[in-house]
Structures are given as structure tokens and as C-alpha cells.
Asker: 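First, the structure itself, so that you have it in front of you.
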Number of protein chains: 2
Amino acid sequence: MERFELIVQTLFESNNLTEKQRQILKAAVQLFSEKGYAATSTSEIAKLAQVAEGTIFRHYRTKKELLLAIVGPFMEKIADSYIVNDLTNLLKKDYQRPEDLLSAIIENRRDIIVQFLPLLKIILQELPFHPELREHFLQLISDNMYHRVVEVINDYQQKGMLKKLPPTAIAKFAITNILGHLFTRYVLFPHLEWDDVRDTEQLIQLIMNGIGNSDSKVES
Amino acid sequence: MERFELIVQTLFESNNLTEKQRQILKAAVQLFSEKGYAATSTSEIAKLAQVAEGTIFRHYRTKKELLLAIVGPFMEKIADSYIVNDLTNLLKKDYQRPEDLLSAIIENRRDIIVQFLPLLKIILQELPFHPELREHFLQLISDNMYHRVVEVINDYQQKGMLKKLPPTAIAKFAITNILGHLFTRYVLFPHLEWDDVRDTEQLIQLIMNGIGNSDSKVES
DNA sequence: TATCGAAGTGAGTAATCACTCATTATATGT
DNA sequence: ACATATAATGAGTGATTACTCACTTCGATA
């Protein structure tokens, strides 16, 4: 199954969509991610979806509603189920060393980014221009993820495995490095040659040096 | 002087522009950064610049040429003079401790980002859709900055102040953290309350823990 | 098989798009 | 003051935009 089809299917599996509706969503995801929302016309979408232009407006009253019909469910479903649940599962496994948890998180995040890259590009592109999207996004993070992360960090700190810095600073540092790495790897320079195994190991080591307690430091 | 005027003046000080031309560039920078390039019409630009729409096309044959007339000089002048020269000056000062150099770089980068935020937003927005811009950008970095950075890292490593990791890994780690921090600080969540002094100190400490040699480690 | 609501169509809408061009205003050098 | 060039204009261009609507097709149920 091709890329955009997989995205639409994963994202709208619960909804029962018409064949034409799925084609519209698929075409919209592709064109929005390739050309940007504003630079994509509804006639283009209709043409690529092999659908009359009127069919688009039967299901989505405006072009923006089509965008929200794609981005909204992604942020709710994916950001909610994938990210939160998967992260929770990761945290539940009670990795003995924080670096093991880090490693699991990175691999998990890598899969999501690779699979949903086009959707992430759309969101990154449109977030600055739609304040309601930004707030929705922020709320998802602060409501669901923030407390869990702080909890886990506290836990590791009490076990003496993390420096006694403010948990928010540790979280921000780790997230910045993980997302920064994955962003440069898959968004900025995906065509460069990468040694993923080595890079990941190096990244974890650097992060752990930053936040880990010296007593249990990893030897180079 | 207002924000966009300052940007245009700084960027085109050497060129002798007509008053109308400066108004056009100023309006274009504002609208492109606020609404995005594709979502901004030439009639809007003309209206905001208080200029006939034809005047725009007297100076710039197409809308895209207007975009390149803004983004190109920024990348050449600013990225070349500001970033490269300032960084070179920073490096020349031979900061004894790498954390002092880091601190200076962060403050320097902060000023640039704050001053040219609208232009940076335009570039971040349009980079994915203009391969020639991306290559130009990449070349500027790899040609001018890469070697200098590696040199400095080597220097500090030989003085025993940095871990003997590959200089590229150290550079990537430091850059990721600095840009990641400034990005979240000024682009993602500029409206949140920040304690810049404390945050910067904390960031430097975390970075130094990651790459600094344990012998000369900063005590918490 | 008849019925009926939903799905799909495509020609048509006014508005707006980037861009042109003949004309007018302004600046400069002599 | 005059000539010449450049800057600026704004009405006008065809193409394209998001979107509408009267109509046809489809599919399930009775």
C-alpha cells in the first residue's frame, strides 16, 4: 500500500468513508504536504482524486474545513493515542536505566515521524497561521504529557540516576535533543547519509552526560 | 523606527532604493511573514505600501522575484556578514572556557533572531518549496561555518576541555540545543514567560555536561 | 419494483489572481 | 528652461480561485 493511502487509512479507520472521500483526503494530504495549503487549489485536489470539484464541497463546506478535517483528527488521534499511549506504555515498562527509556522513546518517535511525515509537514507549515490549531496542540501536550514526564523524571531522580535539576529543564533538554535530531535527520536533510545506530547511541550518551548523575555515568 | 522599516534599512543599506521601493519591500516582508508567501496577493502588498500595483512589477518582474529579492540578500548579507563574521569574531576572542564561548554565541544568536524574526519566519516557511534556496542555504553553512567550528572544537579538545568525541557530533549537539532553545523561546512560545538568564545558564550547563571533559566539569 | 435520501456531478458564478501597457509625473543633467 | 530617462500609475487582461446549484446516479429499504 502506498504512503498516503496508509496515512488516510490509519487516520480514518474508525470513520466509514466513501471511496471518493478517501481519495479526496488522500489527494489533499499529498498536495498540502508537497505544495503547501495556500498554494494548493481545490481543482487540483479534485483532479488528483479523480473526483468532481463539487464532490469536495459536498463533504467539506470550505477548503479550510478540509484542512481541519485532516489536521484535527491527526492531532487528536495520533497525538493522543500514538504519542500519549505509546509513551505511557514505554513509561510503564519501568526501564531500569533512563538511557534505556530514552532509547525506546527515540525509536518510537522515529517510527511515528517516518510514517506520518507528510502530515507533520502540513502541521508545521500551518501552525503559525491558525491560532486555534496552536492552542489545541499546546493543550494536548500540557494536559496529557507534561505530568507523566515530570513523574518519571522525579522517579529517576529519587533513584539517584538523574541530576537534581528542575524536571522541566531536564524534560525540555531531552525533548529538544530528540526532536532536534529527528528533525534534522528526516525533515532537513533526509537525503544525506546517516548511520542511525551510531548517531542514536551518541545522542543518548550526550543527553545522559547532560542530565545523568555522574555516579552512574556511561563510560565512553 | 519601527520593526519592518529597520529590517529593510539594515538589509538594503548599500542599495539606493526609491522611497516607493522601500515601502514595497517593507510591506512584502510584513505580509509574507504574517500570512505566508502564497496567501499574500500583490494587490495587498501594493495597498499596504500605498503604491500602485504596477509599481511592484516595474521593479520585480514576478511575485517570486520579489520574494527572492528579500530572502536572497538576507541569506547572503546577514547569514554571511552577521552570522559568519560575528561568529569568527567570537572565535577569535579565544574564550578560555568553552562555556564562555557558548554563552557569547547564544547571546549573539539571540539578538539576530529577535531583530530578524519576520525574515527568519519567511525563510523557514519557504525553504521547503524552493530547492534553490535550500541549496544556497546549505552551501553558505558548509562553505563558511563548518570548518571554523570544527577547528575551534579541535582546539578545545587538545586543551583537554572537551570530550574526545567526533567534532561533528559535538557541533551538531551544541547547535541543536542552541537553535532548539531559541526556536521554542522566540518562535513557538514567545508569549510564555521566560527567565532568560536562568534558562541560558541552565542550557549551557547541560550542554557542557554533555560535551565537556569531566576533569574541568562545572559543579552544580 | 418503487421510493427516497445521500453521493456525486460539472457547468457556471463573482471575485480575485498575477501581470501588462499606454500614459503621466518626476527627477536629472545641460 | 528644455530634453531625456526613469518612476509611477491604474485601468484592463485572461486565467484561476473557492464555491454554488440544479441535476443525475447510486444504494438501501419497504
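Note on naming: letters A, B, ... go to the chains in the order of the sequence lines (proteins, then strands), and numbering restarts at 1 for each one. Nothing here was measured: the structure is a model prediction, and the numbers come from that model. Excluded from the calculations below are hydrogen atoms, water molecules and symmetry mates; all remaining heavy atoms, backbone and side chain alike, are included.
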Asker: In a table with atom names and distances, give each donor-acceptor pair under 3.5 Å that connects a side chain of residues 23-32 of chain B to protein atoms at least two apart or in another chain.
Answerer:
unit_1, atom_1, unit_2, atom_2, d
Q23(B), NE2, E19(B), OE2, 3.4
K26(B), NZ, E2(B), OE2, 3.1
K26(B), NZ, E5(B), OE1, 3.4

Asker: Shoot me the first and last contacting nucleotide of DNA chain D against chain A, ordered 5' to 3', at under 4.0 angstrom to non-hydrogen atoms.
Answerer: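 The contacted stretch runs from dT17(D) to dA22(D).
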Asker: What heavy-atom pair brings S33(A) and F4(A) nearest, and what distance separates the two atoms?
Answerer: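 Residues S33(A) and F4(A), closest heavy atoms: OG-CE2, 4.1 Å.
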Asker: What donor-acceptor contacts under 3.5 angstrom involve side-chain atoms of residues 116-131 of chain B, with partners at least two apart or in another chain?
Answerer:
unit_1, atom_1, unit_2, atom_2, d
Q125(B), NE2, Q125(A), O, 3.3
E126(B), OE1, H130(B), NE2, 3.2
H130(B), ND1, K64(B), NZ, 3.2

Asker: Can a donor-acceptor pair be found, under 3.5 Å and without considering hydrogens, that links the side chain of D155(B) to the backbone of E151(B)?
Answerer: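 Flag not set: sc D155(B) to bb E151(B) has no pair under 3.5 Å.
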Asker: Which two nucleotides bound the region of DNA chain C that has atoms under 4.0 Å from heavy atoms of chain B, read 5' to 3'?
Answerer: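 So the contact region on DNA chain C extends dC17(C) to dA22(C).
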Asker: Might you confirm whether atom CZ of F189(B) has over 12 heavy atoms from other residues, nucleotides or ligands at distances under 6.0 Å?
Answerer: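 It does: F189(B) CZ has more than 12 such atoms within range.
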Asker: Ring of Y37(A), cation from K63(A) - is the NZ or CZ under 6.0 Å from the centre and inside 45° of the axis?
Answerer: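 Yes, cation above the ring, under 6.0 Å and within 45°.
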Asker: Counting only heavy atoms and a strict 4.0 angstrom limit, can you tell me which residues of residues 29-53 of chain B come near DNA chain D?
Answerer: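 Heavy-atom contacts with DNA chain D come from V51(B), A52(B).
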Asker: For S41(B), check side chain to side chain donor-acceptor pair (under 3.5 Å) against everything at least two apart and list the hits.
Answerer: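 Partners of S41(B) under the side chain to side chain donor-acceptor pair (under 3.5 Å) test: S43(B), E44(B).
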Asker: Near D195(A) CG, under 6.0 Å, is it more than 12 heavy atoms from other residues, nucleotides or ligands?
Answerer: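 Yes, the 6.0 Å shell around CG holds more than 12 heavy atoms from other groups.
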Asker: Between K172(A) (side chain only) and H181(B) (backbone N and O only), is there a donor and an acceptor less than 3.5 Å apart?
Answerer: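 No.
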Asker: Which comes earlier along DNA chain D counting from the 5' end, the contact point of F57(A) or that of I56(B), where each point is its nearest nucleotide?
Answerer: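 Checking each residue's closest nucleotide, the 5'-ward one belongs to I56(B).
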Asker: Determine, stepwise, if the pair F183(A) / I113(A) fulfils side-chain contact (heavy atoms from CB on, under 4.5 Å).
Answerer: CA-CA 9 Å; F183(A) 183 76; I113(A) 285 183; over 6 Å; no
